[in-house]
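Read the structure below first, then the notes.
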Amino acid sequence: MPRKFTVPKIQELKDKGEKISVLTAYDFITAKLLDEVGIEMILVGDSLGMVFGGEITTLKVTFEEMLYHCKIVSKATENALVIGDMPFLTYHTTEKALENCGNLVKNAGVHAVKLEGGKWLTETIERLVEIGIPVIGHLGLTPQSINKFGSYGLRAKNEAEAQKLKEDALALQEAGVFAIVLEKIPSKLAKEVTESLKIPTIGIGAGNFCSGQVLVTQDILGLFDEFHPKFVRRYAEIGKEIKRAVSQFRNEVKTGDFPNKDESY
Ligand code: KIV
């Protein structure tokens, strides 16, 4: 059965003004749940290094780790378009990008790849698109450049940076990306960029004028308290519920209440 959400379908949603929902997944159960609900695109983000692996940046994620998680997420989904996020230093030359992105499509079954960066990537993007690998761009706060910027703060606050971002967005579109993630930039700038492009923009901390929105699934589910930036809306408090269930299990093991007769053979 063909997938419901393909690259042309994502453009169709943008053209008819329907907002696009995107969430992250790294594992089978989460990916399956998101897919069943109808999330249009599932991103196997390199945020997995932080959210799944407990690192303080995304920089240590390896290609092999991304391959592993992408395989699982692709296997779990039937309709969503699955995007593999290329880890740091796996696409910095065109040659590397062709080899690694191709590997992710061929062996992990992703339908597109995401690359962080602007104009410097255009030649690579052109080649990838040419050989049939759809690419999604990523501008604004690009976490793989954390050492260059020194913080995860708001990006493109001044006119020069805003101008550069607008030019990068147009260059990425020209090179052939099918969408661009805009992370943590002023809402007014995201609106201007969105209005200047034919392809969809997917915002995260970039306000309500983007063509769609992406968030990290664990953030919206309230799985931990340490990270709660203002752009994240928490739709559940699953962390608290897990702790409640786990402590009840612990107590019932201690008291001998679990397992009871019905739970035994
Ligand atoms: O790695 C990731 O999950 C991302 C999204 C937050 C856009 O890049």
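All ligand and atom numbering here is 1-based and tracks the order in the structure. Numbers here are sequence positions counted from 1. Values below: every heavy atom of this structure, side chains too, minus hydrogens, waters and symmetry copies.
Annotation: ring-ring contact (aromatic ring centres under 6.0 Å, His included) contacts involving residues 106-161, sequence neighbours excluded, are absent. Judged as a ring-ring contact (aromatic ring centres under 6.0 Å, His included), the pairs with a partner in residues 54-86 (not counting sequence neighbours) are, in order, F52-H69. Sorted by first and then second residue, the ring-ring contact (aromatic ring centres under 6.0 Å, His included) pairs involving residues 78-107 (not counting sequence neighbours) form an empty list.
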Once you restrict both partners to nitrogen or oxygen, which atoms of ligand 1 have a protein partner under 3.5 Å, and how far apart are they?
from, atom 1, to, atom 2, distance (Å)
ligand 1, 1 (O), D46, N, 3.1
ligand 1, 1 (O), D46, OD1, 3.1
ligand 1, 1 (O), S47, N, 2.9
ligand 1, 1 (O), S47, OG, 3.3
ligand 1, 1 (O), D85, OD2, 3.2
ligand 1, 3 (O), S47, OG, 2.6
ligand 1, 8 (O), K114, NZ, 3.1

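Under the 4.0 Å criterion applied to side-chain N and carboxylate O atoms, E99 and K96 are not assigned as salt-bridge partners.
Between the side chain of T90 and the backbone N or O of P87 there is at least one donor-acceptor pair closer than 3.5 Å.
Hydrophobic clustering (ILVMFWY, side-chain heavy atoms < 4.5 Å, transitive): I199 and I202 are in one cluster.
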